[in-house]
Amino acid sequence: MSIIDSFPRVRVLCLGDVMLDRFVTGSARRISPESPVPVLSVTGSTTIAGGSANVARNIASLGGQCTLIGVTGADAGGAELRRIVDETPGVVSMFLASPSRPTTEKVRFVAQGQHMLRSDSEDSSPVAEEIEDAIIAQVVAALPEHDVLVLSDYAKGVLTPRVIQRAVEVATRRGAPIIVDPKTSNLSRYDGATLVTPNLHEVWMATGIQGDDDASAVAAGRKVLADTNIGAVLVTRSEKGMTLVQRTGEPVHIPTAAREVADVVGAGDTVIAALSLVIGAGGPLEEAAFIANAAAGVVVAKRGTATVSRAELVGELDRQSPSEGPPSLVKVVSRKDAAAQVAAWQRHGLAVGFTNGCFDVLHVGHVGILEFSRANCDRLVVAVNADSSVKRLKGPTRPVNSETDRAQVIAALGSVDLVVVFEEDTPKELIEELKPDVLVKGADYQVSEIVGADSVLARGGRVLRFELVPGRSTTNTIRRMREGAESEATAPAV
């Protein structure tokens, strides 16, 4: 969390191949009578900044600051790409327009969520010498104000050997880490880089080693290090995760968390963006790789050229993080720890909900209000009355179950993220300490009667009321249990 909290302070200089990604969507229900090809009935079209511009978008969506250097054509596509990038908060463009080449554009035709065809408009030849000079001048001028350099190479002609060499020299003198997403079999062209991130195809082209299992991925990574002057290699292996190979220490294998894959377009951009922010914040490569892997897991579940937000990344890391002891016990925390966790969630853009109760004998009404609460927030905190509080509110025979048991039972529910036990008769003080975004109570209370509603509303939060399940209450449940026990005691023996 501390590393992710540092993302807004990280300034990334991203240099590479910018492009337009167009998605033409529709349905294909018939074959053309003119030739045996599907006919796409177009229903929509979207245009997104792609290539290294998508790296910049991901850096910004994760909370970082990015300066983007790239080359467009002096055409309508270049003007459109510049507009899209300039409208992205957190990204500053330093584009050069070349009249001798078009803006790179990829058009994907998608029917019923499936890619039918992709058309590319581009000139992949190396940029002219005067463009190289201008790019190098931009890097020299901009790099002192940045923490890390990203080379996003899509092999579209911007990252020429001369541009790479001079950018690496400038970053090395500055002491800035250099992270490379390569698109070549000659990885030595990135000599001096801190980290390169070849995928399975790229590492196979570079080394002749497939890398599709742990041992061969390590072997491929070690061969790259032996053949180059690169600091470390992160082999990205799609559904098999990632393998980090450094010059010292043991290799690290990071498995991919199980999730449904909707689209892998742009996943590498998300990886390089997350790596740049963690490394730029001073995090070790192992942690950077772990966080980047989680970010990629989020983005592949989305369609198209997508980004991942800081809130989504935090949620994915929460989902993946192992914990000591039973999960239900881990969720039960002190007031101080709860306040710290709520504040951390909110810093990452997550809406925190709050509800409270005795929860003495769990019934369907309790489950309903908890599920309703969780559906209206990103994280749910449940406050459980302590035994002393329940006795004052319900009488000397209550609670039936101890506060420890009640808290653990509530924590075991999937809709609950955190449980706090409080001693007071009302949660007013606790609500003021935690400062939730959403407060939920049963509909038997008016908003004006709900404890803590005034402070939540004053902060711009929401107060919601849940319609209670008729006839369901702990008091009724206990009464029925006692009536049943009394009936058995007075029944004649048979």
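Side chain of S389 to backbone of N385: no donor-acceptor contact under 3.5 angstrom is found. With hydrogens and angles disregarded, no donor-acceptor distance shorter than 3.5 Å links the side chain of S238 to the backbone of K240. Here the side chain of T88 pairs no donor or acceptor atom with the backbone of V91 at under 3.5 angstrom. Side-chain atoms of N293 come within 3.5 Å of backbone atoms of P255 as a donor-acceptor pair (strictly under, hydrogens ignored). Between the side chain of R459 and the backbone N or O of D454 there is no donor-acceptor pair closer than 3.5 Å. Without hydrogens or angle criteria, R462 side chain to N376 main chain gives a donor-acceptor distance under 3.5 Å. Within the 3.5 Å criterion, the main-chain N or O of G16 finds no donor-acceptor partner in the side chain of K156. When atom types are taken as modelled, the side chain of S309 and the backbone of E312 share a donor-acceptor pair closer than 3.5 angstrom. In this structure, the side chain of T307 does not engage the main chain of S61 through any donor-acceptor pair within 3.5 Å. Side-chain atoms of D437 come within 3.5 Å of backbone N or O of V352 as a donor-acceptor pair.
If you take CG on L277 and CD1 on I3, they are separated by 10.5 Å, rounding to the nearest 0.5 Å. Summarising the geometry, atom CG belonging to L380 is positioned 9.5 Å from atom NZ belonging to K331; distances are rounded to the nearest 0.5 Å. Rounding to the nearest 0.5 Å gives a distance of 5.0 Å between OG of S216 and CG of D212. One finds the NZ atom of K183 at 9.5 Å from the CG atom of D17 (value rounded to the nearest 0.5 Å). Atoms CG and CD1, on N54 and I272 in that order, are 12.5 Å from each other to the nearest 0.5 Å. Atom CG in L244 sits 12.0 Å away from atom CD in E250 (nearest 0.5 Å).
Ion pairing between R108 and D21 holds under the 4.0 Å rule for side-chain N and carboxylate O. Using a 4.0 Å cut-off between a side-chain N of Lys or Arg and a carboxylate O of Asp or Glu, E169 and R166 qualify as a salt bridge. A salt bridge does not link D147 to R9: none of the charged nitrogens lies less than 4.0 Å from a carboxylate oxygen. Salt-bridge formation is detected for the pair R83/E87: a Lys NZ or Arg NE/NH1/NH2 atom is positioned less than 4.0 Å from an Asp or Glu carboxylate oxygen. Using a cutoff of 4.0 Å between basic side-chain nitrogens and carboxylate oxygens, R465 and E449 are not scored as salt-bridged.
In terms of heavy atoms, L313 sits closest to V308 at N-CG2, 4.1 Å. The two residues V299 and A267 have their closest heavy-atom pair at CG1-CA, 3.9 Å. Considering every non-hydrogen atom in both S276 and V10, the closest pair reads O-CG1, 4.2 Å. Minimum heavy-atom separation, P89 to A60: O-CB, 3.3 Å. Residues T270 and A296 approach most closely at CG2-N, 4.1 Å, considering heavy atoms. Closest non-hydrogen pair, L418 versus A338, comes out as CD2-CA, 3.9 Å.
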Report task. Please lay out, stage by stage, how I179 and L149 fare under the test side chain to side chain contact (heavy atoms under 4.5 Å, CB included). Result -> CA-CA 6 Å; I179 306 166; L149 172 65; over 6 Å; no
Query raised in the report: Run the side chain to side chain contact (heavy atoms under 4.5 Å, CB included) check on L362 and I410 step by step: do they pass?
Result: CA-CA 8 Å; L362 199 66; I410 293 299; 3.6 Å; yes
Requested in this report: Walk me through it: do T160 and E132 pass the test side chain to side chain donor-acceptor pair (under 3.5 Å)?
Outcome: CA-CA 8 Å; T160 64; E132 286 184 313; 2.5 Å; yes
Query raised in the report: Does the pair N186 and S188 meet the rule for a side chain to side chain donor-acceptor pair (under 3.5 Å), with working shown?
Result: CA-CA 5 Å; N186 179 22; S188 63; 2.5 Å; yes
Requested in this report: Apply side chain to side chain contact (heavy atoms under 4.5 Å, CB included) to the pair E424 and L430, showing each step before the final yes or no.
Outcome: CA-CA 9 Å; E424 299 88 351; L430 183 58; 5.6 Å; no
Requested in this report: Mind running side chain to side chain donor-acceptor pair (under 3.5 Å) on D86 and S93 for me, showing each step along the way?
Outcome: CA-CA 7 Å; D86 288 344; S93 66; 2.7 Å; yes
Query - Working for side chain to side chain contact (heavy atoms under 4.5 Å, CB included), residues D417 and R374 - result: CA-CA 9 Å; D417 298 290; R374 188 59 169 80; 2.8 Å; yes
Requested in this report: Go through the steps for Y190 and D153 under the test side chain to side chain donor-acceptor pair (under 3.5 Å), then give the verdict.
Outcome: CA-CA 10 Å; Y190 309 112; D153 194 350; 2.6 Å; yes
For residues 217-229, please give each side-chain donor-acceptor pair under 3.5 Å, one per line with the distance, not counting sequence neighbours.
from, atom 1, to, atom 2, distance (Å)
K223, NZ, D227, OD2, 3.1
T228, OG1, V224, O, 2.7
T228, OG1, I230, N, 3.3

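Side-chain contact check for S334 versus V420: every heavy-atom pair is 4.5 Å or farther apart. When side chains are defined from C-beta on, L457 counts as touching V447, because their heavy atoms get closer than 4.5 Å. With a 4.5 Å cut-off on side-chain heavy atoms, V150 and L15 do not count as touching. Counting only heavy atoms from C-beta outward, the side chains of Q165 and R189 never approach each other to under 4.5 Å. In this structure, L434 and F354 have side chains that are in contact, with non-hydrogen atoms separated by less than 4.5 Å. Two residues are said to be in side-chain contact when any heavy atoms from C-beta on lie closer than 4.5 Å; V382 and L370 meet this criterion. Counting only heavy atoms from C-beta outward, the side chains of E80 and L20 approach each other to under 4.5 Å. A 4.5 Å side-chain heavy-atom check between V384 and C358 finds every atom pair outside the cut-off.
Residue E145 qualifies as open at atom CD: its count of foreign heavy atoms under 6.0 Å is 12 or below.
Side-chain contact of N199 with T236: a donor-acceptor pair under 3.5 Å is absent, judged by distance alone. No hydrogens or angles considered: nothing links the side chains of S152 and D181 as a donor-acceptor pair under 3.5 Å. Side-chain contact check for S388 and E423: at least one donor-acceptor pair (N or O, by modelled atom type) lies under 3.5 Å.
Considering only residues two or more places apart in sequence or on other chains, R237 meets the side chain to side chain donor-acceptor pair (under 3.5 Å) condition with D214, T243.
Taking the six-membered ring where the residue is Trp, F372 and F466 present tilted rings, their angle falling between 30° and 60°.
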